[in-house]
Number of protein chains: 2
Amino acid sequence: MPTRTAAQRRAQAKVEYDAFLARCPSRQLLDRISDKWVALILAALGSDGPRPGTGCVGEPRAMRYSELSRRLAGVSQKMLTQTLRSLERDGLITRTVTPTVPVTVTYELTGLGLSLKQVMRDIKEWAETHMDEVLANREEYDTRVA
Amino acid sequence: MPTRTAAQRRAQAKVEYDAFLARCPSRQLLDRISDKWVALILAALGSDGPRPGTGCVGEPRAMRYSELSRRLAGVSQKMLTQTLRSLERDGLITRTVTPTVPVTVTYELTGLGLSLKQVMRDIKEWAETHMDEVLANREEYDTRVA
DNA sequence: CAGGATCCCGCTAGATACTG
DNA sequence: CAGTATCTAGCGGGATCCTG
């Protein structure tokens with residue numbers, strides 16, 4: 001049994017994973033979460049506005065499959081289901097089945113999912129905010145090369 | 001010519017792009033930047049530590065091609081070059097060729113790139129920080145399903 | 001409603017070889 | 001050193017059909 005202080009173990013933990021290294025598991029995790037559907041799903045589930053029709057506020061929003069499907073315009077069922085499964089497996093969201101007829105399935109952020117939510121919203125917002133600038137840069141680049 | 005105040009135009013600009021919409025250009029941009037190589041390149045170029053060998057601090061770091069290639073362990077030349085080109089076209093980085101023998105090429109973040117840097121480092125750090133938790137969640141999920 | 005199961009195309013990432 | 005060019009295998013991702 002190693003004799004280390006808690007501080008030493010924390011320092012150790014800090015360098016335990018490094019996504020710059022090819023075989024580091026965090027490289028794979030980075031790859032997983034670097035995905036537009038992940039960003040959009042977390043952004044959607046993370047919107048804490050009042051649910052339309054209800055008055056509840058503040059709580060992270062639970063959403064049904066069909067609701068997500070509508071929100072993420074253009075997503076295929078395959079990609080949506082696949083991405084939701086992956087997020088569930090990683091513990092970022094929970095999947096709740098309510099045995100109504102027909103069945104109701106809702107998805108909700110876990111604590112872990114919440115911790116990633118803001119970053120994902122930031123990315124999405126960055127894309128929306130800087131779209132014009134990027135478009136201008138591309139145009140200038142293309143004319144310069146051509 | 002529309003008669004709107006600056007505030008009105010700003011409010012308009014705010015809803016101009018929405019990545020939730022399938023055809024919105026920001027959806028494509030989100031897809032572009034949701035990429036592990038983009039995250040790692042921006043994180044690498046964004047490290048403002050002193051360059052090894054020099055004493056300069058504070059400034060965003062310019063890096064050579066080979067330097068990046070070593071830092072992003074396991075990246076193929078193709079992916080590195082391709083991603084760098086894409087980032088250059090979008091105006092996130094600059095490419096500078098110094099006509100030495102052999103030629104020296106350095107890459108550096110632009111202002112726009114800097115504005116995205118922190119988000120990318122956040123993602124990377126999230127992956128490294130929560131790796132253990134995710135690994136545990138996966139294990140639990142797999143045993144529960146099996 | 002909320003998927004599961006298949007089929008299949010396209011593109012992309014990787015490996016390899018070559019160059020100014 | 002910093003790429004370009006080419007080839008190919010693999011799989012990401014859409015379309016389609018089916019189900020509890």
Polar side-chain atom of [X] near backbone of [Y] as donor-acceptor pair, under 3.5 Å:
| X | Y | answer |
| --- | --- | --- |
| T83(B) | V38(B) | no |
| T110(A) | L92(A) | yes |
| R138(B) | D90(A) | no |
| R61(B) | L45(B) | no |
| S69(B) | Y65(B) | no |

Next item on the list: Would you mind reading off the bend of the helix from dC1(C)-dG20(D) to dG20(C)-dC1(D) from its two end axes, five pairs each, to 10 degrees?
Entry: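 Computed angle between terminal axes is 60°.
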Margin query: Suppose we screen for salt bridge (Lys or Arg N to Asp or Glu O under 4.0 Å). Which residues come up paired with R70(A), at least two apart in sequence or across chains?
Written below: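 Partners of R70(A) by the salt bridge (Lys or Arg N to Asp or Glu O under 4.0 Å) criterion come out as none, since no residue qualifies.
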Next item on the list: Can you establish whether the number of heavy atoms outside E140(B) located under 6.0 Å from its atom CD is more than 12?
Entry: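 Check passes, neighbour count above 12.
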Item checked: Nucleotide-resolved protein contact map, nucleotides 9-20 of chain D, B/S/- at heavy-atom distance under 4.0 Å -> ----BB-B----
Check: When Ile, Leu, Val, Met, Phe, Trp and Tyr are grouped by side-chain heavy atoms lying under 4.5 Å apart, directly or through other members, which residues fall in the same group as V145(A)?
Finding: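 Its cluster mates, by chain and number, are Y141(A).
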Taking 4.0 Å as the cut-off, does a side-chain nitrogen or oxygen of [X] come that near to OP1 or OP2 on [N]?
| X | N | answer |
| --- | --- | --- |
| S66(B) | dA2(D) | yes |
| R64(A) | dA2(C) | yes |
| Y65(A) | dG4(C) | no |

Note to self: Side chains of K124(B) and D18(A), heavy atoms from C-beta outward: is any pair under 4.5 Å?
What the structure shows: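 Result yes, sub-4.5 Å side-chain heavy-atom pair found.
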Checklist line | Distance, rounded to the nearest Å, where L72(B) contributes CG and dG14(C) contributes P | finding: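 L72(B) atom CG is separated from dG14(C) atom P by 12 Å.
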Next item on the list: Would you mind reading off the distance between M63(B) atom CE and dA2(D) atom P, rounded to a whole angstrom?
Entry: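 Answer to the nearest Å: 11 Å.
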Check: Can a donor-acceptor pair be found between the side chains of E133(B) and N137(B) at a distance below 3.5 Å?
Finding: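 The criterion, which ignores hydrogens and geometry beyond distance, is not satisfied for N137(B) and E133(B).
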Check: Looking at residues at least two apart in the chain, or sitting in another chain, which of them share a side chain to side chain contact (heavy atoms under 4.5 Å, CB included) with V97(A)?
Finding: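 Here the qualifying residues are R95(A), V103(A), V105(A).
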Notebook entry, point to check: Do any of residues 86-98 of chain B sit with a heavy atom less than 4.0 Å from DNA chain D, and if so which?
Noted result: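 Those residues whose heavy atoms fall under 4.0 Å from DNA chain D, taken from residues 86-98 of chain B in numerical order, are R95(B).
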